[in-house]
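Following: one structure in C-alpha cells, then a few remarks.
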There are 2 protein chains.
Amino acid sequence: MGKKDKMDMTKERLLDEAEALFAQKGFDVVTVREITAAAGCNLASINYHFGNKQNLYIEVFRSRWLPRVRRIHEFFTNSLPSQNSCSPAAIVQALARAFLEGPLSDEERQRHFRLIVKEIANPTTAFDHVVTEVMRPFFKELTGMLRSAMPDDQGEEQLMLNILSIFAMVLHFNFARAAITRITGREYDTDFKARLVDHIIKFSLEGLGTSK
Amino acid sequence: MGKKDKMDMTKERLLDEAEALFAQKGFDVVTVREITAAAGCNLASINYHFGNKQNLYIEVFRSRWLPRVRRIHEFFTNSLPSQNSCSPAAIVQALARAFLEGPLSDEERQRHFRLIVKEIANPTTAFDHVVTEVMRPFFKELTGMLRSAMPDDQGEEQLMLNILSIFAMVLHFNFARAAITRITGREYDTDFKARLVDHIIKFSLEGLGTSK
DNA sequence: TTGACATTGAAACAATTGTTTGATACAAAC
DNA sequence: GTTTGTATCAAACAATTGTTTCAATGTCAA
C-alpha cells in the first residue's frame, strides 16, 4: 500500500467519523480526541490534515454534505414524470420521496438532517456555502416549477411558505426522532417510517390546497 | 431592601440571563463566566445558588419554561369556542394562535422555542420532566379533542401524525428564523409574522383534510 | 451591641480543551 | 545507499472550563 493511499485513508476516516460525531453531538461538544480515537489515528492528525478543528467541520460539509444533497437533487429530477410542467402532486411526491426514501441510507439520512438542523439552529460559516451553493438555487428552481404548475397563480410569498412548510415536516420528522418516540411511544421501525412518508406527502399536498 | 430580596434578585437574574444564553447558544457553549457576567454577579454565585451549571439548566426549565407553556395552554383552552366538541378548524386555530400570538412576547417566544428545539435535538434529563409533565398530557388531550371532532374517525396513528405535523411547522418557523431569512431574503417583520400565522393555520387545516 | 447566618467576592483549583512540537517511521527519488 | 519529503506518534503547551475555597460583607435576631 502506497503512502498516498494511507494518507487518504486517514483523511477519509477522519471526515467520516467527524461527520457522524458532529451530527450526533454538535461541533462544540465533540472533541478532537474523540474524533481521532474513533478514526483510530493520532491526536495531531486533524491539525496536520485540516489545519484545525473548524476547518475539518467546513470540510465535512464540502466533501460529504454537499455531494449528498446533489445526489438527492439528481434523484428528485429523475423522479419527475417530465422535465417541465408537472402537476403539483407529482412535484411534491418526487420531492418528499427524494429526501425520505431517495438515494440515502437510513443512517446517512439521519446524519444528513441532524447536521443541517444544527446549522439552521446556529448558522456558522459553513451555512453560507450551503445556502449560496445549494439551498437558494434549489429554492428558486422549486418555486419556478410550482408557479407554472399551480392552477391558480399564487403570490411569490405564498409559494415560498408552502415550500418551507414541506421542508419543515421533512426536517422535523427526521431530526426529532428521539423526542417523537418518547412523546408518542411509537418506535421508528420500518412500518412507521413508511407511514411517515405517506403522511408527509399527503399532508403537504393537502396543505398546498390543490389536491381537490 | 432586605437580604432575602437581594438573594432572590440574584437568583432570578441568573435564571433570566441563563435562559437567554442557553436558548441562543446552547448549554455547552455558554460558560458560567458569561452567565454571571450578564447577570452582574460573582462567578461563584451559580454554584452557590444552584449547586452546579447543570442544575441551573434544569431550574431554567422548571421555573421558566414550564410556567410559560402552562400559560400557553391556558390561553389555548380559553380560546376554544366551547369546552367540548369544537370543530377541527376551531381547535387548530386556537392551537396555532396560542403558540404564535398567544401570551408570549416575541422575544419570549423565540427563547421558548429555541430552548426546546435544542432539547429535542439532543434530549437531556430536562426533557424527561417536560415530556411527562407537559407534552404527553397535552398530546393526549389534543388527540382526544380531535378524535371526537373529526367527521370520519381516523386511526390513533393518523391523529398523532397530524398533530405532530402542526407542531412541526410551529416549531420550524420559530427556530429557523435566521436560516429562512438567509434563504428567502425575507425579514421577520410584523407583516411577515402575521402572514406566517395565517399560513400555518391554513396549511395545517388543509393538511388535516377536513377543511372542505 | 453582639453573635449567627446567609450572600458576595477574589483567587486558586484540577480537569479538559485545541494546538504545537520534535522525534520517528517509511516510501519514493536520486 | 543516501537523501528527501511526508505522515504518524507521544509529549507538552497555553488557554479555558466548571468548581472550590475562604475571607469579607451585610442582615436579622437576641
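Side-chain atoms are counted along with the backbone in the values below, which use heavy atoms only and exclude waters and symmetry mates. Proteins get letters first, then strands, A, B, ... in listed order; numbering begins at 1 in each.
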Review point. Hey, does the side chain of T10(B) come within less than 4.0 Å of dT8(C)'s phosphate (OP1/OP2), counting only N and O?
Key: yes

Study note, to complete from the structure: Rounded to whole Å, CG of D28(B) lies from P of dG18(C) at a distance of 12 Å

Review point. Is the closest basic N to carboxylate O distance between R71(A) and E108(A) below 4.0 Å?
Key: yes

Practice item. Name the nucleic acid region contacted by V29(A), choosing base, sugar-phosphate or nothing; use a 4.0 angstrom heavy-atom cut-off, strictly under. Key: nothing

**Study point:** Listed nucleotide nearest any side-chain atom of L43(A), set dA12(D), dA7(D), dT8(C)
**Key:** dA12(D)

Exercise for review: Return the value, rounded to whole Å, for the distance between atom NE2 of H49(B) and atom P of dA6(C).
Suggested key: 13 Å

Check your understanding: To the nearest angstrom, how far is L21(A) atom CG from dT17(C) atom P?
Key -> 13 Å

Exercise for review: Figure out the CG/C1' separation between N47(B) and dT8(C), and round it to whole Å.
Suggested key: 13 Å

Practice item. Go through dG18(C), dT6(D), dT8(C) for me and flag the one nearest to the Y48(A) side chain. Key: dT6(D)

**Study point:** Nucleotide dG18(D), atom P - distance to CD1 of I46(B) in whole Å
**Key:** 8 Å

Check your understanding: For R33(B) and dA12(C), what is the distance between atoms CZ and P respectively, to the nearest whole Å?
Key -> 13 Å

Revision key, fill the gap. For Q24(A), the side-chain hydrogen bond (donor to acceptor under 3.5 Å, both in side chains) test, sequence neighbours excluded, returns none

Exercise for review: Could you verify whether a donor N or O on one side chain and an acceptor N or O on the other, from H73(B) and E141(B), lie under 3.5 Å apart?
Suggested key: yes

Point to revise | Aromatic ring proximity, centroids under 6.0 angstrom, F167(B) and F99(B) | key: yes

Check your understanding: Considering only heavy atoms from C-beta outward, does the side chain of R109(B) approach that of N174(B) to under 4.5 Å?
Key -> yes

Check your understanding: For DNA chain C, whose closest nucleotide is more 5', that of V32(A) or that of C41(B)?
Key -> C41(B)

**Study point:** Minimum-distance nucleotide to T31(A) side chain [options: dA7(D), dG18(C), dA12(D)]
**Key:** dG18(C)

Review point. Rounded to whole angstroms, how far apart are CZ on R13(A) and P on dT8(D)?
Key: 8 Å

Review point. Under 4.0 Å between a side-chain N/O of N42(A) and OP1 or OP2 of dA7(D), yes or no?
Key: no

Study note, to complete from the structure: note: F50(A), atom CZ; dA7(D), atom P; distance rounded to Å ~ 12 Å

**Study point:** A44(B), nearest nucleotide to its side chain (from dT19(D), dT20(D), dT19(C))
**Key:** dT20(D)

